[in-house]
Number of protein chains: 2
Amino acid sequence: MQLSPTAYVILGMLSFGPKSGYEIKGLVDKSTRFFWAASYGQIYPELKRLSEAGLANATDSPQGERRRTVYELTDEGRDALHVWLAEPPQVFEMRNEGMLKLFFAGELDPPEQVRMVRALGAQHAAKLGALREIEPHAAEVPDSFPYLVLRYGIAFNEGAVEWCEREADRLESRLATAGSR
Amino acid sequence: MQLSPTAYVILGMLSFGPKSGYEIKGLVDKSTRFFWAASYGQIYPELKRLSEAGLANATDSPQGERRRTVYELTDEGRDALHVWLAEPPQVFEMRNEGMLKLFFAGELDPPEQVRMVRALGAQHAAKLGALREIEPHAAEVPDSFPYLVLRYGIAFNEGAVEWCEREADRLESRLATAGSR
DNA sequence: ATTCTCATGTAATTGGTTACATGATTGC
DNA sequence: GCAATCATGTAACCAATTACATGAGAAT
């Protein structure tokens with residue numbers, strides 16, 4: 001039985017302890033979503049499939065009248081997770097509209113080109129801000145992999161912000177010299 | 001009429017001059033695919049839509065008996081491209097299985113954790129290799145935006161490779177100290 | 001009262017890939 | 001003669017998002 005990376009996100013979250021679909025969604029939204037998002041439309045059906053496949057166990061644990069199903073990883077589920085973790089990563093996809101616009105920026109006049117590079121920088125700065133908001137929370141477990149991954153995201157976005165500023169400045173100065181020639 | 005970013009990839013490619021669907025696909029595959037891919041299944045129907053919308057003009061230009069349709073940007077098409085370029089970028093999505101595995105790497109034992117960080121580094125090194133192969137070709141137009149974007153990709157992947165090596169080394173040394181304690 | 005959070009799920013739609021089908025031209 | 005490249009297109013399929021539907025409990 002072939003599982004999608006999204007199924008492994010769920011197994012991985014369950015490896016931290018038993019959780020409801022709602023809790024998994026919440027965790028994904030403040031962690032993996034930056035490199036692997038998941039919606040309710042995936043999570044709930046996938047949880048059902050995983051429990052049918054014997055990789056997770058479903059237990060009803062209502063809070064008062066509010067129904068709630070908590071899933072926990074079975075031994076087979078943990079094995080499946082370990083096997084997947086040890087395999088070389090396959091998927092790496094990106095949809096970066098800012099890069100795409102920059103690629104075609106030669107179509108615009110120079111001042112607008114500079115604005116575009118700064119807009120890309122602003123995009124990265126916004127992401128950086130979002131990551132830094134999570135940081136104090138993640139730093140509570142300093143040697144953990146979630147924290148390692150967060151630091152990678154921060155480093156990358158810092159680099160990108162600097163790169164955009166540098167390139168925008170370069171374009172701007174080139175523009176100034178061209179104007180005075 | 002709302003166009004998708006993929007439609008703008010096509011308009012953008014046509015801004016470099018008239019092209020067939022086949023040529024557009026070839027260009028995408030050695031440039032934008034790293035941050036915005038497109039398949040024949042998208043390109044051909046989209047070209048038809050763009051020409052129906054008056055943003056591109058279709059001209060039959062067979063080579064012998066081999067049929068061929070070349071599209072060129074209309075003035076409206078160029079305007080639409082410029083409007084889109086000036087708008088702030090929206091989409092930024094990533095599916096990075098390597099990061100995802102790293103996030104859950106705490107499940108494995110330390111030597112395997114080190115292997116995983118190195119595997120992520122290898123993924124970035126492979127991408128870096130692919131980009132460097134394109135570089136001499138792109139460097140022919142040194143001040144162009146396609147070349148700027150390529151350099152961004154190279155810088156990012158170089159940074160990622162170094163980061164992975166550094167973190168793998170750190171993990172390894174931590175592992176050694178823990179073992180002798 | 002009302003809004004927010006907790007909680008689960010499905011249906012419709014979108015965006016995109018892959019496979020399939022067809023055929024001409026070029027280079028070995 | 002055969003493989004690679006040029007060239008166009010559709011159909012089936014897949015992954016994922018969004019909107020919708022429902023309802024309890026907690027906080028303001």
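Proteins come first, then strands; the chains are lettered A, B, ... in the order of their sequence lines, and each starts at number 1. All of these numbers come straight from a predicted model, not from anything done at the bench.
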Rounded to whole angstrom units, what separation is found between the [atom1] atom of [X] and the [atom2] atom of [N]?
{"X": "B:Arg49", "N": "D:dT10", "atom1": "CZ", "atom2": "P", "value": "11 Å"}
{"X": "A:Arg68", "N": "D:dA26", "atom1": "CZ", "atom2": "P", "value": "13 Å"}
{"X": "B:Glu46", "N": "D:dT10", "atom1": "CD", "atom2": "C1'", "value": "16 Å"}

Does any pair with a residue in residues 48-59 of chain A pass side-chain hydrogen bond (donor to acceptor under 3.5 Å, both in side chains), and if so which ones, sequence neighbours excluded?
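Counting only pairs at least two positions apart or across chains, the side-chain hydrogen bond (donor to acceptor under 3.5 Å, both in side chains) contacts touching residues 48-59 of chain A are A:Glu46-A:Arg49.
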
Please, which pairs that meet side-chain hydrogen bond (donor to acceptor under 3.5 Å, both in side chains) have at least one residue in residues 86-99 of chain B, sequence neighbours excluded?
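Pairs touching residues 86-99 of chain B that pass the test: A:Trp84-B:Glu97.
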
Derivation and outcome, salt bridge (Lys or Arg N to Asp or Glu O under 4.0 Å), residues A:Arg78 and B:Glu107:
CA-CA 9 Å; A:Arg78 195 168 291 271; B:Glu107 268 297 300; 2.8 Å; yes

My understanding is that only residues two or more places apart in sequence, or in another chain, count here; which of them pass side chain to side chain contact (heavy atoms under 4.5 Å, CB included) with A:Lys30?
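By the side chain to side chain contact (heavy atoms under 4.5 Å, CB included) rule, A:Lys30 matches A:Leu27, A:His137.
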
Please check this pair: side chain of A:Gln42 against backbone of A:Ser39, looking for a donor-acceptor N/O pair closer than 3.5 Å.
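Yes.
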
Need the bend value for the helix from C:dA1-D:dT28 to C:dC28-D:dG1: angle between end axes, 5 pairs each end, nearest 10°.
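Rounded to the nearest 10 degrees, the bend comes out at 30°.
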
Nucleotide by nucleotide, nucleotides 10-28 of chain C touches protein heavy atoms under 4.0 Å in the pattern (B base, S sugar-phosphate only, - none) B-----SBB-----BB---

Quick one: NE2 on A:His82 to CG on A:Leu11, what's the gap to the nearest 0.5 Å?
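That separation rounds to 10.5 Å.
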
Roughly how far, to the nearest 0.5 Å, is CD of A:Glu23 from CE of A:Met13?
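Going from the CE atom of A:Met13 to the CD atom of A:Glu23 covers 11.5 Å.
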
Sequence neighbours left out, what pairs pass ring-ring contact (aromatic ring centres under 6.0 Å, His included) with at least one residue falling in residues 40-60 of chain A?
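Only A:Tyr40-A:Tyr44 qualify under ring-ring contact (aromatic ring centres under 6.0 Å, His included).
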
Return each pair, listed once, that meets ring-ring contact (aromatic ring centres under 6.0 Å, His included) where at least one residue sits in residues 15-39 of chain A; pairs must be two or more places apart or across chains.
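Sorted result for residues 15-39 of chain A: A:Phe16-B:Phe104.
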
Which residues within residues 10-33 of chain B lie with some heavy atom under 4.0 Å of an atom in DNA chain C?
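The stretch gives none, as no residue of it lies under 4.0 Å from the strand.
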
Among all residues two or more places apart in sequence or in another chain, which pass the side chain to side chain donor-acceptor pair (under 3.5 Å) test with B:Asp29?
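B:Asp29 satisfies side chain to side chain donor-acceptor pair (under 3.5 Å) with B:Lys25 only.
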
Applying side chain to side chain donor-acceptor pair (under 3.5 Å), name anything that partners B:Asn157, two or more places apart in sequence or on another chain.
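Here the qualifying residues are B:His124.
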
Check nucleotides 1-3 of chain C against the protein and report each pair of N or O atoms closer than 3.5 Å, with its distance, or say if there are none.
none

Mind checking whether A:Val70 and A:Leu50 sit in one hydrophobic cluster, side chains of I, L, V, M, F, W, Y counted as touching below 4.5 Å?
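Result: no, two separate clusters.
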
Among all residues two or more places apart in sequence or in another chain, which pass the salt bridge (Lys or Arg N to Asp or Glu O under 4.0 Å) test with B:Arg115?
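Listed in chain order: B:Glu112.
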
